[in-house]
Protein chains: 2
Amino acid sequence: MQDHLQKYFTLAFSIDCVVFGFDGADLKILLIERGEDPFDGFWALPGDLVAPDEDLNSSVNRVLKELTGLSDLFFEQVETFGAVDRHPLGRVLTTGYYTLVKISDYELNPSSFAAEARWINVNDVKELAFDHNQILDSCIQRLQKSVRTRPIGFELLPPHFTLTELQGLYEAILNIELDIRNFRKKILQMNFLKETGQVQQNVSHRPAKLYQFDEEQYNLLKSKGFNFEV
Amino acid sequence: MQDHLQKYFTLAFSIDCVVFGFDGADLKILLIERGEDPFDGFWALPGDLVAPDEDLNSSVNRVLKELTGLSDLFFEQVETFGAVDRHPLGRVLTTGYYTLVKISDYELNPSSFAAEARWINVNDVKELAFDHNQILDSCIQRLQKSVRTRPIGFELLPPHFTLTELQGLYEAILNIELDIRNFRKKILQMNFLKETGQVQQNVSHRPAKLYQFDEEQYNLLKSKGFNFEV
DNA sequence: TCAAAAGTGTTCTGCATACACCCATGT
DNA sequence: ACATGGGTGTATGCAGAACACTTTTGA
């Protein structure tokens, strides 16, 4: 390499993940408590430095696997942050990703930093390490945009779910209230839900029907998108 | 810095800009012809390595200033690319930005790489250096999305313009045809256009009225956005 | 029988769409 | 007078928004 280029090859790069989960009532994210400086004791987004021979996507998958024990999670790149002083140890640029996890699939993984991970209600997040609040805001906004145009919300639900749960998910993500009749009309029109024939068990009210995704329709919509302007 | 971290601080980072312009008929981008390896002789997006003490936005502004002689251009971050082998000289990650320029403001700047710059019709772009075709595609898609929800298209027009020019701009960006009556109805309803009182000169047909932006309304819309689902 | 959530239809309004003719100017 | 692009209004259909009561179960 030519000499005048050397000084540019002195930066580090990381990825940070906003891992969203839905517990049936609230939208949550996974945070980890840092056990070392800088920001010792602060809560932070899971993330890691990108190795010199590692792709961005590999890096995200690695972090998610270590954190949740799960592979092939849905994720989307959101924004890259590069303020000169964003990391106290040196020049580290970072790219924020959001990820969707079925909270029921998630199990704490005893290895690595996952031991310190916790689900926190999105609305209860306080001051985070580094510029992670900024990354979080950016990811929330992107999720809100994407959920209206692509059927990604369903990555957050268990295989069988009620329409009320689905509506609650949209309400939690978009932070608005939806009309029950209009919501059902619109969702059912889209035609990617199938009745399972089952209903809720042991609820002290009229049990709701359980639905699942019609794989075919669902994959079709995944590729061409939809409009859910609520 | 701790030793085990050293190996991560060996990457370089760049920004690449898709500079859009509109000549009244077609959507164009500024490309530069490379005069050195790698990809000597190839056309490429304007861009540069980010200095160790330089913010991303500063870096974009610097490149745009060198390229066009203009400051304070509108730009938006789009996507970051980090494939391990994307740059032959070493590990260089890059973030793609798109930028909007009033083509009439643009003057070739004799300094720096601008001498080799040329406006190319978006549809005529062939094989570019590095992964720049990918970056371009990503920026075009983003521009198409953004132009429907924010009044950014107007960054591409001169201060006074006709409704037909405005429609042509939307058609060029979105690559579709629009109905003239419906377009005018919708645009005028939005209420951020003001008649200048002037009309076209020296045209061999009925001269069109010239419009300008109503700054107040325009800035209002900039912050809250709009819906232009065409 | 009561509490609690599930489930269901209609009306109204506004916006997108489709569509054809006359107008003002320069040559 | 003709060629060229500028400029205008209406009717239709569809989708979003608002809105209240009955049903089913467990306690």
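Lettering of chains follows the sequences in order, A, B, ..., and the numbering in each one begins at 1. Side chains included, hydrogens not; waters and symmetry mates left out as well; all remaining heavy atoms used.
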Between protein and nucleotides 23-25 of chain C, what N or O pairs are separated by less than 3.5 Å?
{"from": "C:dC23", "atom 1": "O4'", "to": "B:Arg206", "atom 2": "NH1", "distance (Å)": "3.4"}
{"from": "C:dA24", "atom 1": "N3", "to": "B:Arg206", "atom 2": "N", "distance (Å)": "3.1"}

Show each protein N/O and nucleotides 10-12 of chain D N/O combination with a separation under 3.5 Å, one pair to a line.
{"from": "D:dT10", "atom 1": "O4", "to": "B:Lys185", "atom 2": "NZ", "distance (Å)": "2.9"}

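We find that CD of A:Glu195 is positioned 15 Å from P of C:dA6, with the value rounded to whole Å. For the pair B:Ile180 CD1 and C:dA18 C1', the interatomic distance rounds to 14 Å; values are reported in whole Å. To the nearest angstrom, C1' of C:dG14 lies 10 Å from CD of B:Gln189. Atom CZ of B:Phe228 and atom C1' of C:dA16 are 12 Å apart (whole Å). For the pair A:Leu188 CG and C:dA6 C1', the computed distance is 13 Å after rounding to whole Å. Per the geometry, CZ belonging to B:Phe183 stands 12 Å off P belonging to D:dG6, to the nearest Å. Rounded to whole angstrom, the span from the NZ atom of A:Lys209 across to the P atom of D:dT25 amounts to 12 Å. Across the protein-nucleic acid pair, B:Leu210 atom CG and D:dG5 atom P stand 17 Å apart, rounded to whole Å.
Among residue pairs with one or both ends in residues 124-135 of chain B, those qualifying as salt bridge (Lys or Arg N to Asp or Glu O under 4.0 Å) are B:Arg86-B:Asp131; sequence neighbours excluded. For residues 170-183 of chain B, the set of pairs meeting the salt bridge (Lys or Arg N to Asp or Glu O under 4.0 Å) definition, not counting sequence neighbours, is empty.
Note on B:Asp179: a base of the nucleic acid sits closer than 4.0 angstrom, heavy atoms only. Residue contacts shown for B:Thr162 are absent, as no nucleic acid heavy atom lies under 4.0 Å away. Across all strands shown, B:Leu163 has no heavy atoms under 4.0 Å from either base or sugar-phosphate atoms.
Here B:Thr80 pairs with A:Thr80, B:Thr95 under the side chain to side chain donor-acceptor pair (under 3.5 Å) rule; sequence neighbours left out. For A:Phe161, the ring-ring contact (aromatic ring centres under 6.0 Å, His included) partners are A:Phe213, not counting sequence neighbours. Evaluation of the salt bridge (Lys or Arg N to Asp or Glu O under 4.0 Å) rule for A:Glu215 yields no partner, not counting sequence neighbours.
A distance below 6.0 Å separates the ring centres of A:Phe228 and A:Tyr170.
Which of C:dA20, C:dA16, C:dT8 sits closest to the side chain of B:Lys186 comes down to C:dA16. For B:Arg181, the listed nucleotide lying nearest its side chain is C:dC19; candidates were D:dG7, D:dC19, C:dC19. In this structure, of D:dG6, C:dG7, D:dA20, it is D:dG6 that holds the atom nearest to the side chain of B:Ala208.
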Sequence neighbours excluded and cut-off under 3.5 Å, please list the side-chain donor-acceptor pairs for residues 150-160 of chain A, or say none.
{"from": "A:Arg150", "atom 1": "NH1", "to": "A:Glu76", "atom 2": "OE1", "distance (Å)": "3.4"}
{"from": "A:His160", "atom 1": "ND1", "to": "A:Gln198", "atom 2": "OE1", "distance (Å)": "3.1"}

Would you mind writing out the side-chain donor-acceptor pairs for residues 26-35 of chain A within the sub-3.5 Å range, not counting sequence neighbours?
{"from": "A:Asp26", "atom 1": "OD2", "to": "A:Asn121", "atom 2": "ND2", "distance (Å)": "3.4"}
{"from": "A:Arg34", "atom 1": "NE", "to": "A:Pro38", "atom 2": "O", "distance (Å)": "2.8"}
{"from": "A:Arg34", "atom 1": "NH2", "to": "A:Pro38", "atom 2": "O", "distance (Å)": "3.0"}

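The local environment of CG in B:Asp72 is sparse, with at most 12 non-hydrogen atoms from other residues, nucleotides or ligands closer than 6.0 Å.
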